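Every number for a ligand or one of its atoms is a count from 1 in the order of the listing. Remember, predicted model here, so these are calculated numbers, not experimental data.
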Amino acid sequence: MKYSGRTIADFALTVDGRDHPTSRTFDVINPATGQLLTTAPALDPSELDVVFGAAQQAFEQWKQDDAYRRQRLLEAADAIDAAAEDLVGILTAEQGKPLDKSQIEISSASMYLRYYADLDLPREVIKDDHEGYEEILHRPLGVVAAIAPWNFPITLAMWKIAPALRAGNTMVLKPSPYTPLSTLALGSVLRDILPPGVLNVISGPDPLGAQMVGHPVPRKVSFTGSTATGKKVAAAAADDLKRLTLELGGNDPAIVLDDIDIGKVAEQLFWSAFENTGQICLAVKRVYAHESVHAELVDALAEIAQSVKVDDGTVAGAQLGPINNAPQLDRVTSLVEDARQRGARIVAGGGSLDRPGYFFAPTIIDRVEDGVRIVDEEQFGPVLPVVAFRDELDAVRRANDSTYGLTASVWSGDPNRAARIGLELDTGQVSINSHGRGVRPHLPFGGRKWSGIGTENGIWGLRGFTEMQVITGPRRVS
Ligand code: NAD
């Protein structure tokens, strides 16, 4: 498909509305083969001044006209829909997920743009009478540095782009070096719609992300990624008190009560853990199942795990693709090995598939307890430990005994009972008889404890890209 006389797959940086040539490149691997997919342009860090300068200059005009911004966001959504076929193919090639899942991811990008284009951000009038007026305005911050991970490159970038631009900010966006291509292609598509400098898309190996955070121009850093990196971002941003949103890791518990019909929920529970090959911040990462239903649940999950079609995302019927990258495959492998050595029973899967690429068999782990790494740490892969419990309060205590606090779920034949237990969970969201149901454009999403700082989505996500300004004055003369 052609954009401004170039093809979407040229994978150039977008800076100030144009291609920004680079002298260096870096390799992008196809996770389904383990082989080189292509190379991507690497920004020379010394050029960050040019990139942030373009964003800063564009801010002066972009911040002025709310109606104009809303219109551009709607047009951006249409442009993404028009380019969806290309974007879907690129996303699957670099990330590994099946094509139908990439399609959902690209569609969600235009959905978020339309949602924020339609959302009002009214000034709040506190007082307006014969004595005078008091108003609160939500003003854009300026330039935002946005940094995204490799599991949902487009969705998670769009959680930043749509509200930040809608509020009147401009942006420099950097995807993960594992998945730069779809985001670079997105930059190419949107440069025809947005004024130059409003959305700049750069790529390159680390430490480019750290150098963005350390740059003096951005007034806010919006970061999605691991907790370890998030802490570094927070420390670096502290130097000049940049505003921060951190969406970090999770170790989401699902608590399955004794009154549940396992036959009815096993499939849903399975996919809540394994969708996107388990590489979702809010995937179910540990199950606490009441001892009366535990064995039945383990068997049901194992049966599903063994029936799932794991394949190259471009193959028709593939339900799960590979793990995205070699270090992550190594990490998942070592967590499973550790559990095995600690006496756990591997009921399904347990290792890599015997084929090229980073494929790992969907794995269900039984006879495992808190204190084993696969339960305590974030696996971020296609592996699920199922822990038995006797006492409900103890299950809640164990679920909360984590440095993470992203989301959680409680599963019961009595939704009211489950909701009462849900209130005890120390997480940003709790779902009853489902997991992650609260991930919608209009609902606040954010983690407690080490799962993050700040909120994305909804009006709260929009306000996160603003600062309040109070205006007071004498009685208005009309
Ligand atoms: P990561 O922290 O390794 O990398 C994330 C991004 O940060 C990449 O673009 C990387 O290049 C960049 N980066 C690396 N070092 C940096 C530094 N010092 N300063 C600034 N940027 C730096 O994370 P990942 O492996 O790409 O993603 C997986 C993690 O992301 C998991 O822990 C997952 O739970 C988390 N995640 C969280 C959410 C959420 O919304 N809470 C969503 C998706 C993923």
Is a side-chain donor-acceptor pair under 3.5 Å present for Thr245 with Glu456? no
Can you name the atoms of ligand 1, numbered from 1 with element, that are less than 4.0 Å from a heavy atom of Lys174? 8 (C), 9 (O), 10 (C), 11 (O)
Please state whether Trp159 comes within less than 4.0 angstrom of ligand 1, counting heavy atoms only. no
Identity of the nearest option to atom 42 (C) of ligand 1, non-hydrogen atoms only, from Pro153, Pro207, Cys281: Cys281
Say whether, by atom type as modelled, one donor and one acceptor occur between the side chain of Arg69 and the main chain of Trp62 under 3.5 angstrom. yes
Is the terminal nitrogen or CZ of Lys97 (NZ for Lys, CZ for Arg) located under 6.0 angstrom from the six-membered ring centre of Phe152 and within 45° of that ring's axis? yes
Among all protein non-hydrogen atoms, which one is nearest to atom 16 (C) of ligand 1, and what is the separation to 0.1 Å? Thr229 CG2, 3.2 Å
Gly452 near ligand 1, heavy-atom distance under 4.0 Å? no
Could you tell me which atoms of ligand 1, counted from 1 in the order shown, lie closer than 4.0 angstrom to a heavy atom of Val233? 19 (N), 20 (C)
Gly447: heavy atom below 4.0 Å from ligand 1, yes or no? no
Examine distances only and state if a side-chain atom of Asn200 and a backbone atom of Met171 form a donor-acceptor pair shorter than 3.5 Å. yes
Main-chain N/O of Gly250 paired to Glu378 side chain as donor or acceptor, under 3.5 Å: yes
Which one of Val439, Leu246, Asn151, Thr224 has a non-hydrogen atom at the shortest distance from atom 5 (C) of ligand 1? Thr224
